[in-house]
Amino acid sequence: MKKIQLSTMLLILCAYVGKAQVKDISFTLSPAAEYTWWDDKAGLENNVLVGGKLGFGFGEYIELRGIYLQSLDQKTDFSNFGIANYNPSLFKAQDVTVSRYGGEFKANFGTKRIKPYFTLGAGVQNINLDTNEDYEQVYASLGLGVKFNITKRIVFALEAKNTSYKFNSGASLLSSEDKTNFGVTDADFNSERLSNWSAQGSLQFYLGGRKPGTLSDLDKAYLQNFKGGFKGLQWVLEPSLAYVDFAGESLYKDTYMLGGYAGLDLNEYIGIRAFYFQATENDEISTNFDKMAMYGGEFRARLNDGNGVIPFLTLGGGYISTSDSYVSAPNADGLFSNVEGGEFATGGLGLNIPLGKHILITGAARAMITSGEDAKDITTTDDIQTHVFYSAGIKFTLGKKSKAPSSVYKENLERELTAQDDVNNKKIENLKKEYQSDINTLNADLKLAYETKDVEKAVEILEEKKEVEESLKKVKEVEKVQVKAVEQPTTTVATAVVSEKEVSTIKTETTPNQLEETPRLIKMTPEEFESLIEKILQNIDNENPVPAKTEENKLIQTKSNTTEQDQKIEQLDSRVNLLEKLLLELNNNKQTEKEKNSKLLQKIEALNKEIESNSKNSEEVNKKQ
């Protein structure tokens, strides 16, 4: 029942933390196998444990996992224990099943194909003999490993791990027959801290959410905080008062404790703390300290990022330290005894109530699990005991508030968009210069074709010029979209981004707009054609008349003597453009006679000379002014 309760509590805590962090969390499943080299004082042979891990990944770097492992064909082994009268021929190994269940914090480094990581874990270890004798201890673990990406959602991990726990192996795992054969009793053995090394391999499957190797909003927040050292992190101090309500079967006395927490808030959701508390005497709040202390660390996850009351979850562990002069609670016989310290694991729920920008009231209630001596039987440490740890204090934060993942993501996006805008603007400007240069070159070639009366060359140049002008027009249209997006930052991101591919392919992919379908041409004599041209040119003059020199515009003409000249130049440009278009249409329809083409070229040439003459006159007027 205890296993079920603890496992359920762990999964619920992990689920709440997962819900609180980021929308795109990862769900992981990891079958695992572990070979353990047991401590010589463990009374167990080296063997394999198999099982798995189920957990959540908060971005690329932080994971929380629940663990279950169980041994295969495990037996007891006292060959290296150090018993003076040990005889291997008289020793009868017993079948034993070792199982562990608990939680683990994992921190990954880097996003490359091969990534190192470390783990911190705690939980309950159960040793069950074939005689149905059952022993439980709290264990703590520390690991260092490396993982390899197999596919986007499958990784293989190798890890070296050290697991420690406190246990009286001699008294618990030697059979009565063995004790008789070796001439020992339970009094010859003591509880000892055992350190065990293991090599673990696991295959980790990401069942949903973010793919390994990609960065979530929370990852960006972590990276932003750690850029430039500790810039952006918040240092935290929490002087606190605590009260521990120890279980009734425990030899520890209920007590008040003074101390506090110190650590870091990595961002608006995640924090880490180290803590130290010293017990006070006589179950009272005072500065008279008892001979018991507690220290350790914990992981905190806030369940929202609001400015009001903020709930948070805690997961951690530590060590209870007692001196030889510590007076325990009375045992079942009413006697007092020496109580050794030991590891504990904690998990609970707390609240932060803000008083100001950098000051909060904080309080929490935690379940604290130990494997201490039972008041009814102080010779063994075979019982898991659950105590309640209450704390309240003042939280002081030092440093700039860590940025929210959403704001970090927005800043990164805006910075990338600005950089992309600069790149796009440079590309657009370069394309405009290139196309304008091509147009200037084609104009020069076209002028030469007019002078030499080369109709075919003129038509060829005009067609090429039209393509370049259409391309330049498209570039300017893109430029307008780009400028509009920059001037209106609230518009959709998509309108602010002109991809490199779109800009770079304008020149190669744009094609001239097809000329509007021209009406069927009517054959006419050169004289009739000449008359038609004159009428067309006359219509242009009527649509763009030169302002008369009335009294109203005399003042304007006095201020700008070149205005009339500029208007004439614009009219001439319009005529040239119209005649060039007519020349292209006649050539495309292949209904043009050589004489008609020649007439058009003559008109164009005459107009160009008139434009040059007017331009020179305008320049002379400017110089005189």
Side-chain angles (χ1 to χ4, degrees), residues 1-20 55-56 64-68 100-105 120-126 136-141 165-166 238 240-257 259 261 271-277 279 292-303 311-321 329 341-352 362-375 381-393:
M1 181 60 70
K2 290 180 181 179
K3 291 183 182 180
I4 296 175
Q5 291 175 344
L6 290 173
S7 299
T8 302
M9 182 183 72
L10 177 64
L11 289 175
I12 291 174
L13 289 177
C14 289
Y16 271 111
V17 175
K19 183 177 180 181
F56 304 91
L64 284 180
R65 306 188 292 187
I67 302 170
Y68 182 81
R100 293 188 188 132
Y101 53 95
E104 183 175 75
F105 170 84
L120 289 171
V124 175
Q125 176 175 274
N126 179 276
E136 290 182 322
Q137 313 87 37
V138 171
Y139 75 86
S141 65
Y165 61 94
K166 195 172 184 181
E238 295 180 16
S240 302
L241 170 68
Y243 183 79
V244 185
D245 183 5
F246 286 102
E249 64 271 19
S250 172
L251 286 175
Y252 296 120
K253 297 178 298 185
D254 296 346
T255 182
Y256 284 97
M257 307 187 85
Y261 298 85
I272 54 175
R273 302 285 189 274
F275 61 85
Y276 179 87
F277 284 94
M292 182 179 74
M294 293 171 50
Y295 52 86
E298 69 180 25
F299 171 85
R300 291 191 184 180
R302 289 190 287 276
L303 300 183
F312 63 88
L313 295 172
T314 71
L315 291 172
Y319 187 78
I320 299 176
S321 175
E343 297 87 356
F344 63 88
T346 64
L349 180 66
L351 289 175
N352 286 331
T362 182
R366 302 168 178 84
M368 186 170 73
I369 302 171
T370 66
S371 54
E373 287 92 346
D374 194 318
T381 57
D382 61 351
D383 281 336
I384 291 295
Q385 300 165 357
T386 303
H387 324 284
V388 183
F389 180 87
Y390 303 96
S391 67

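Since we're looking at a predicted model, the values are computed, not measured.
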- Query: How many angstroms lie between CD1 in Ile67 and OH in Tyr101, if you round to the nearest 0.5 Å?
  - Reply: 13.5 Å

- Message: According to ring pair (Phe, Tyr, Trp, His ring centres under 6.0 Å), who are the partners of Phe277, at least two apart in sequence or on a separate chain?
- Response: Tyr261, Phe389

- Task: Please list, chain by chain and in numerical order, all residues satisfying side chain to side chain donor-acceptor pair (under 3.5 Å) with Thr255, sequence neighbours excluded.
- Result: none

- Task: Search all heavy atoms of Leu241 against all heavy atoms of Met257 and return the closest pair with its distance.
- Result: CD1-O, 3.5 Å

- Task: Check whether any side-chain heavy atom of Tyr165 sits under 4.5 Å from a side-chain heavy atom of Val138, and report yes or no.
- Result: no

- Task: Would you sort out whether Phe344 and Ile369 count as a side chain to side chain contact (heavy atoms under 4.5 Å, CB included), showing the intermediate values?
- Result: CA-CA 5 Å; Phe344 63 88; Ile369 302 171; over 6 Å; no

- Item | Distance (rounded to the nearest 0.5 Å) between Ile384 CD1 and Glu249 CD | 11.0 Å

- Message: Would you compute the distance between atom CD of Gln125 and atom CD of Gln137 and round it to the nearest 0.5 angstrom?
- Response: 5.0 Å

- Item | Test side chain to side chain contact (heavy atoms under 4.5 Å, CB included) applied to Tyr295 - qualifying residues, sequence neighbours left out | Tyr276, Tyr319, Ser321

- Task: Working to the nearest 0.5 Å, report the span between CZ of Arg300 and CG of Leu313.
- Result: 11.0 Å

- Message: Could you measure the distance from the CG atom of Asn352 to the CD atom of Glu238? Nearest 0.5 Å is fine.
- Response: 7.0 Å

- Identify, with sequence neighbours excluded, every residue that meets side chain to side chain contact (heavy atoms under 4.5 Å, CB included) alongside Tyr243. Asp245, Asp254, Tyr256, Asp283, Tyr390

- Query: Among all residues two or more places apart in sequence or in another chain, which pass the ring pair (Phe, Tyr, Trp, His ring centres under 6.0 Å) test with Phe246?
  - Reply: Tyr252, His387

- Query: For Ala364, which residues count as a side chain to side chain contact (heavy atoms under 4.5 Å, CB included) partner, sequence neighbours excluded?
  - Reply: Phe312, Arg366, Ser391

- salt bridge (Lys or Arg N to Asp or Glu O under 4.0 Å) between Glu298 and Arg273, intermediate numbers included: CA-CA 5 Å; Glu298 69 180 25; Arg273 302 285 189 274; over 6 Å; no

- Out of curiosity, Thr314 OG1 to Leu349 CG, how far, rounded to the nearest 0.5 Å? 8.0 Å

- Query: If every non-hydrogen atom of Gln385 is compared with every non-hydrogen atom of Ala247, which pair is closest and at what distance?
  - Reply: CB-CB, 4.4 Å

